[in-house]
There are 2 protein chains.
Amino acid sequence: MADKRTQIEEVATQAIKREGFRSMSFRTLADEVGVKSSSVHYHFPTKDDLAEAVIRSYTRAFSDALDGIDRRESSLVEKIDAFNELFADVVSHDDICLCGMMAAEVSSLNDSAKAALKGFFSTSEEWLKSVFQSHAEELKSPLSAEELARIFLAGLEGATLIDRVESGSDRLAAYRALTRALVA
Amino acid sequence: MADKRTQIEEVATQAIKREGFRSMSFRTLADEVGVKSSSVHYHFPTKDDLAEAVIRSYTRAFSDALDGIDRRESSLVEKIDAFNELFADVVSHDDICLCGMMAAEVSSLNDSAKAALKGFFSTSEEWLKSVFQSHAEELKSPLSAEELARIFLAGLEGATLIDRVESGSDRLAAYRALTRALVA
DNA sequence: GTCTATATACAGATAGAC
DNA sequence: GTCTATCTGTATATAGAC
């Protein structure tokens, strides 16, 4: 079993993805890992500390998943589909992307957490941009790799937001259709 | 000056667009309209009641704005640009779409409010779909009107989410570029 | 590192006077 | 319709024992 600090990060991540950062309380986290809230404060003195740690861990895990896609998939459509699938997984568990949630709640974050949050979005857009760049010859689109990266990251974040409310995945599916339209 | 009930709805809408539904309190609303929190409860017995009322008002106002676009603009690009501009206005005030925020916080909503929220998304997608359908001859895309509607609504919701964090409007701009790519 | 206990603040909601 | 006053629950956070 992971150490307590890691356990707390994990249940916090889960809670934020489903209910949001403001809805998550130290007491609830404590109950779920089997300690008292003061022990959570030992590992993360303030909620701001926890927010930043969780955003950074999530960004690292997401970045690792992107590396995995690079290793497993070769074509443009396969890579973008695999990226789409990361979001589909989240929605299928009735969650949304942790950083999409944090973006909605950005007014509750301090400057350090906000900087970490920006890091998530730029990391993700950079990966997408490099995918579109390295498959430029397959692309039948007047849009730049950077524009496509922005369109897809924003689009999938928004798609999860709405698909979760509608209990479906019609918008993520529409983005898979868009991916195909780019190479057809 | 609007009546108290309307005033409360207006400051609640503003607060939710910026800070979120959970962050908004009856006390804060009361202070801003110059009454006590018990008076807010007179107009909206529970927070659930307020949530639903605010979502419905917002949907009505948004729908009116879409009617205005239909009256003012004629081409596909003009209409979709005007739709994009609705979201750009929101971000320029450091807010996001009220219903985008509510979608992130959907776990804090009761069934009535959730139904109203779905209404916003279907109304918006229906309008987009009818725009794409009625300009089908201009479109150089293999995507259906329905798919395009889903792509644009989700995309603009996500774009505002990220653009607000980045204090820019690069993602909304990318969607304007996408609009042009559809007819080029 | 975890606990008990507590300080302090604020949340949604209601009773009852005016 | 609005007020004062209050109930009850919960939040973040800390002090100090073990």
Side-chain angles (χ1 to χ4, degrees), chain A residues 1-55 101-102 104-114 116, chain B residues 1-55 57 98 101-102 104-114 116:
Chain A
M1 172 125 66
D3 65 0
K4 270 277 129 75
R5 188 191 152 94
T6 306
Q7 274 185 67
I8 292 166
E9 271 191 20
E10 283 167 358
V11 301
T13 300
Q14 184 51 48
I16 294 167
K17 283 161 70 180
R18 187 156 307 164
E19 324 249 5
F21 178 64
R22 289 213 50 133
S23 297
M24 178 211 75
S25 80
F26 276 47
R27 277 171 168 69
T28 305
L29 296 183
D31 288 347
E32 285 186 55
V33 302
V35 294
K36 294 296 173 180
S37 71
S38 51
S39 300
V40 179
H41 278 284
Y42 169 81
H43 295 286
F44 303 97
T46 70
K47 215 180 172 186
D48 285 334
D49 296 318
L50 179 55
E52 188 181 342
V54 158
I55 293 170
M101 183 66 85
M102 289 299 207
E105 301 183 282
V106 68
S107 70
S108 301
L109 302 181
N110 71 1
D111 287 346
S112 309
K114 213 178 301 184
Chain B
M1 173 125 67
D3 65 2
K4 270 281 126 80
R5 189 191 152 95
T6 307
Q7 274 185 66
I8 293 166
E9 270 191 21
E10 283 167 357
V11 301
T13 300
Q14 183 52 48
I16 294 168
K17 283 161 69 180
R18 186 156 308 165
E19 323 249 5
F21 177 64
R22 292 223 32 146
S23 297
M24 178 211 74
S25 80
F26 275 48
R27 278 170 167 72
T28 305
L29 295 183
D31 287 347
E32 286 187 55
V33 302
V35 293
K36 294 297 173 180
S37 72
S38 51
S39 299
V40 178
H41 278 285
Y42 169 80
H43 295 286
F44 302 97
T46 71
K47 214 179 173 186
D48 285 334
D49 296 319
L50 178 56
E52 188 181 342
V54 158
I55 293 170
S57 294
L98 178 123
M101 183 66 85
M102 289 298 209
E105 301 183 283
V106 68
S107 70
S108 301
L109 301 181
N110 70 2
D111 287 345
S112 309
K114 213 178 301 184

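Atoms considered below: every heavy atom in the structure, side chains included; atoms not considered: hydrogens, waters and symmetry mates. Each chain gets a letter, A, B and so on, in the order its sequence line appears, and its residues count up from 1.
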Looking just at side-chain N and O atoms, do T28(A) and D31(A) make a donor-acceptor pair shorter than 3.5 Å? no
So, do T13(A) and K17(A) sit near enough that their side-chain heavy atoms are less than 4.5 Å apart? yes
Give me the distances for all protein-to-nucleotides 10-13 of chain C N/O pairs that come in under 3.5 Å?
unit_1	atom_1	unit_2	atom_2	d
dA11(C)	OP1	S25(B)	OG	3.0
dG12(C)	OP1	M24(B)	O	3.3
dG12(C)	OP1	K47(B)	NZ	3.0
dG12(C)	OP2	F26(B)	N	2.9
dG12(C)	N7	R27(B)	NH1	3.1
dG12(C)	O6	R27(B)	NH2	3.3
dA13(C)	OP2	K47(B)	N	2.8
dA13(C)	N7	H41(B)	NE2	3.2

Rounded distance (Å) that lies between atom P of dT4(D) and atom NZ of K36(B): 5 Å
Examine distances only and state if a side-chain atom of S39(B) and a backbone atom of V35(B) form a donor-acceptor pair shorter than 3.5 Å. no
Can you measure D31(A) atom CG to dT10(D) atom P for me and round it to whole angstrom units? 11 Å
Whole-Å distance separating the CG atom of L50(A) from the P atom of dA13(D): 10 Å
Is any side-chain heavy atom of E105(A) closer than 4.5 Å to a side-chain heavy atom of L109(A)? no
Heavy-atom side-chain contact between H43(B) and E9(B) under 4.5 Å: no
For the pair made of OH in Y42(B) and P in dT2(D), what is the distance, rounded to whole Å? 8 Å
Evaluate the side-chain proximity of F21(A) to M101(A): yes if any heavy-atom separation is below 4.5 Å, no if none is. no
